[in-house]
Amino acid sequence: MTTTLLTAAARAVGLSKVYGEGDTRVTALDQVSVEFVQGQFTAIMGPSGSGKSTLMHCMAGLDSVTSGSATIGDTELGGLKDKQLTKLRRDQIGFVFQAFNLLPTLTALENITLPMDIAGRKPDQAWLDQVVATVGLSDRLGHRPSQLSGGQQQRVACARALASRPAIIFADEPTGNLDSRSGAEILGFLRNSVRELGQTVVMVTHDPVAASYADRVVFLADGRIVDEMYGPTADSVLDRMRRFDAKGRTS
Amino acid sequence: MYRTALRNVLAHKGRLLMTMLAVLLGTAFVAGTMVFSDSVGQAFKNSQSASFDNISVQVHNSAAGSETKASDNNSSALPLTDATVKRIAALPGTQSARGTVTGFAGLSDPQGNLIGGRGNTQGSNWVAGPDGRDSSYPMVQGAGPTDSHQIAVDQRTAQKNGFKVGDTVRLAVDGPVEQMTVTGIFTTVDPQVKAGGSLVLFDTATAQHFYLKPGQFTTIQAVARPGTSQQQLLDQVLPVIPHSGNITAKTGVQLSADSLAQVEAATSGMRTALLAFAGIALFVGIFLISNTFTMLIAQRTRELALMRAIGASRRQITNSVLLEALFVGVFASLGGLLAGIGIGAGLKALFGSGGDLPSGGLVLSATTVVATLVTGVVVTVVAALLPSIRASRVAPVAAMRSNDQPATQKSLVVRNSIGAAFFGTGLAAVLYGAHLGGSDGRLPVGAGAGLILIGAFVLTPLLSRPLIALVGPLFARLYGVSGKLAKQNALRNPRRTAATASALTIGLTLISALTVIGASVTDAVTKEVTSGMTADYAISMTLGDPISPTLLPGIKGTAGVTAASVLDAQYVKADGRELSVSGFDAASFSQLAAPAMVGGSADAIRQGALLVSEDTAASHHWTVGGSTRFTYPDGSTGTVRIGGIYKKNDLFGPVMMGESVLAPHTTAPYYQTVLVKGAGGATPALEQALKDSTGRNPLVDVQSQKQMVKDFSSQISLLLNVMYGLLGMAVLIAVLGVVNTLAMSVFERKREIGMLRAIGLERRGVKRMVRLESVVIAAFGAVLGVAIGGFLAWAAVQLLKSSLAGLTTSFPVGQLAAYVLAAALVGLGAALWPARRAARLDILDSIKTD
């Protein structure tokens, strides 16, 4: 496999996540092993309930794992206390959520530099300028989220994720609340950040068009990785997804 | 609708808890006050009624015992004498008649201190009937007093102080201390004794010697023969008693009605005062309740819009919210009633344990129940009125909007204009009133104060921005991003912040106004005492009685005394007006007093001239070198010269003159104070020597300047502490409001907090953010309150200026700053629980999209 030659930004080994007990026991992730390689844009796809969001939450240190291990860089998440996890998220991970999740009281620029403010670090001005220019927000930095369109808000969220140069960015359905044009802008921006800035991005989506922007697509079903695809197109992804549906219906 | 309202209450019971608690506390205050005052009133009534059971008619001389008082130099007053008693006893309807002499008796406990507080140790006369007993005072031990060195003591006082028959006790009335032998211990139904006072009995001649003149009485009580009604006896009594304004005759029935009315008046005064404080607490509660409902409705916008969309009318929406408030009000008031009964019982036990209250059961009147419930329900519903109307304005289309739509802030322009109008008018009225001063200014200042408060509440959202923005940089530097976010959060909903802070503002306004006024008055008195008086000691009698002239030689002869002067308070007539004049020993005047002169010289008093205060001179158009005619107490007249004018000082009164000029024209001396200068200043030795030379009389007060100031300031601070305590309830409710606002804010900002946690804010940071927001809101409310309170106190001082010389506003800056600091700490405390909740939020749960 070619991927093992490259450094993994994040890795899951035998990762399981079980909710509830007894009759209400649900296995969300079942012995998942996967690596997300540095400088790559990976999309995680799968039908609803396949465990794709859970995988992302566990990898990002937002949720605890039942068994197996998840690592970011060289750090094993399993043994970390809440405080250490928080610090890890702050310094190593960037987030883009479906709902824009900006602070309404802060300006666009303040929202972008928030993770560094929390860490008490000064942002790297040159990098910040580059990020802001890339997302095309230079003239909107003083605006508050309520004065920005949905697409602009999500671009602020992307810039926030990038600004602290995290080891990896997790994006959870980043285009879910956007129209197709704004969605395309965001996806193009995420792809550029990988190609031009060398960022690592992992995106959860159920949209084949969104997935087609990625370098690699990992398919999840019933908590297991069932397939992966490199250099996907919208059609090839859609095709693969249809097979899930067919299988789901026949089984 | 009824069902929806009930469901809503049940669904939000956690968030309505603080509201309920606020209403509960307020109504408990109301109920507690009413239960307590009813119970006390009833107990007093019970104790009073018994004491008039065996009196048919009572004749009273209101001038008795006050002949020596300068202000009552009323030659037309007629005494009640032995002859009057005999005439009444001889009436056909009279079975028995007794003359009673009463007055104040200073009884000393074994340690030499005065027993009882001021005025509740009475002395009276023992009147033995043919059987050798006095039916009013049945003896438990021993016998009644029969000579001038014997007394009987009431049973409780005897028990408390360990007095036994045969003991020698020390007692003073107006002269030196007398050694008295206890001959008997008695019980009585006298209401004063039942209420915790002491009573000593003398034989009639001794009582008359102490309090009146031989053969005179204060009151005569007559018992009717069987078959004669009280009214019939009164009709017989009236012609045989002296006809004068100071003599009144009443039947037993009238007397007990009078005393009931007195009790009623006394308890209703107390009740009104306490209810005023309860009212303040409830008023603060209104802010909290209104804020809670506003927040609940904001959170339920989509739900309300849905109801509108599917056909609910505006009225129905309003009613459903009001119905919710009604549920809250009823439950909370019921709780408040129960708690109030507990408070009433507790208060009664607290005050009753000292023996200062007559015993009796707890009274829960129907009025209390109704008033408490109605108050609680009305307050809650009124507070919910505005939010309920706002709820009805929710557009049906809001149901279709996404939750993320930021709530559009309605413009504050209208609100600010109204607030500015109120505030401006109030400010102008207060300034105008303060300019007028005295009683003329009272109305404008009072009305203006109300307008300022209303205006300030309306303007608080506007004020919140600049004031809170001030702390922004400080917070950002000290606490980093948590501090910055806390500031932003406090500012993001100015109405909510304002409503929360205003609740604290009310309490702090009152507390700081009281503090400033108290400090100003204390300051003025200190200045007055220390600036005008160069004497080391002022000797006076407790209760404001005059000092007996017999004590004077002893004081003057005390070793170490270099100068001493009486201050003889007399009334003269000048320009047809009554004028109070103080007679001073002119020779030693310069050693004892140093009035601040504005014209003439203080030495003029030695030449027999008058010294008059500035305002008296102005009102009589007197100038230095001029003269005036006095009509003296004895009726003689004389011309006196004006020798000097001094700055008003309450210690000296309006006019001072040489005692050697004044004394020959008075009927009796009235030595209010004796001023003393010691060779070595105020020393403990001199103080003891002065006490010894006045016969260690428990009634004689020997006070140094320091003690006078301390005495006064401790009285003021006691009064202030009581009021602070009562205002504490309002502050407590305001704190509940802060807790409530924060808890609901945390709930509303769940997703934001989740996001902050996700991108790396520690639990500690979240906690700190919520706590700092609370501190900011609390400190803001406090600063506003202290500022308004300080200003209003300044205005009040302008009003009081005319009645208290040398009064200027003094701001105890340290204390006021401490209030703001305390409020900030209270804010910190109020945030403990909400901050904990915020920090505990599950990240995934918070950020998930619904």
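The chains referred to below are lettered A, B, ... by the order of the sequence lines, with proteins before strands, and numbering in each begins at 1.
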Any carboxylate oxygen within less than 4.0 angstrom of a Lys/Arg side-chain nitrogen, looking at B:Arg492 and B:Glu748? no

Which region of B:Leu491, side chain (C-beta onward) or backbone (N, CA, C, O), has a non-hydrogen atom less than 4.5 Å from a non-hydrogen atom of chain A, or is it both or neither? neither

Is it the backbone or the side chain of B:Arg749 that comes under 4.5 Å from a heavy atom of chain A, or both, or neither? neither

Checking B:Ile843 against chain A: side chain, backbone, both or neither under 4.5 Å from a heavy atom? side chain

Run A:Thr86 and B:Glu762 through side chain to side chain donor-acceptor pair (under 3.5 Å) and show every step you take. CA-CA 6 Å; A:Thr86 305; B:Glu762 285 177 23; over 6 Å; no

Tell me, out of A:Lys87, A:Lys83, A:His57, A:Arg89, who's got the most heavy-atom pairs with chain B below 4.5 Å. A:Arg89

Using a cut-off of under 4.5 Å on heavy-atom pairs, state which of A:Pro104, A:Gly61, A:Gly94, A:Gly120 scores highest against chain B. A:Pro104

Would you say the side-chain atoms of A:Gln154 pair up with the backbone N or O of A:Gly151, donor to acceptor, closer than 3.5 Å? no

Between A:Asp63 and chain B, which part of the residue has a heavy atom less than 4.5 Å away: side chain, backbone, both or neither? both

Checking the side chain of A:Thr71 only, and the main-chain atoms of A:Arg11 only, is there a donor and an acceptor separated by less than 3.5 Å? yes

Bottom line for A:Glu110: the part with an atom under 4.5 Å from chain B's heavy atoms is side chain

If we only count heavy atoms from C-beta on, is the B:Glu773 to B:Ile777 side-chain gap below 4.5 Å? yes

Do the non-hydrogen side-chain atoms of A:Ile118 and B:Leu756 ever get within less than 4.5 Å of each other? yes

With only heavy atoms counted, which part of B:Leu844 is less than 4.5 Å from chain A, the side chain, the backbone, both or neither? side chain

Give, as side chain, backbone, both or neither, the part of A:Leu103 having an atom under 4.5 angstrom from any heavy atom of chain B. both

B:Thr294-B:Arg495 side chain donor-acceptor pair, cut-off 3.5 Å: no

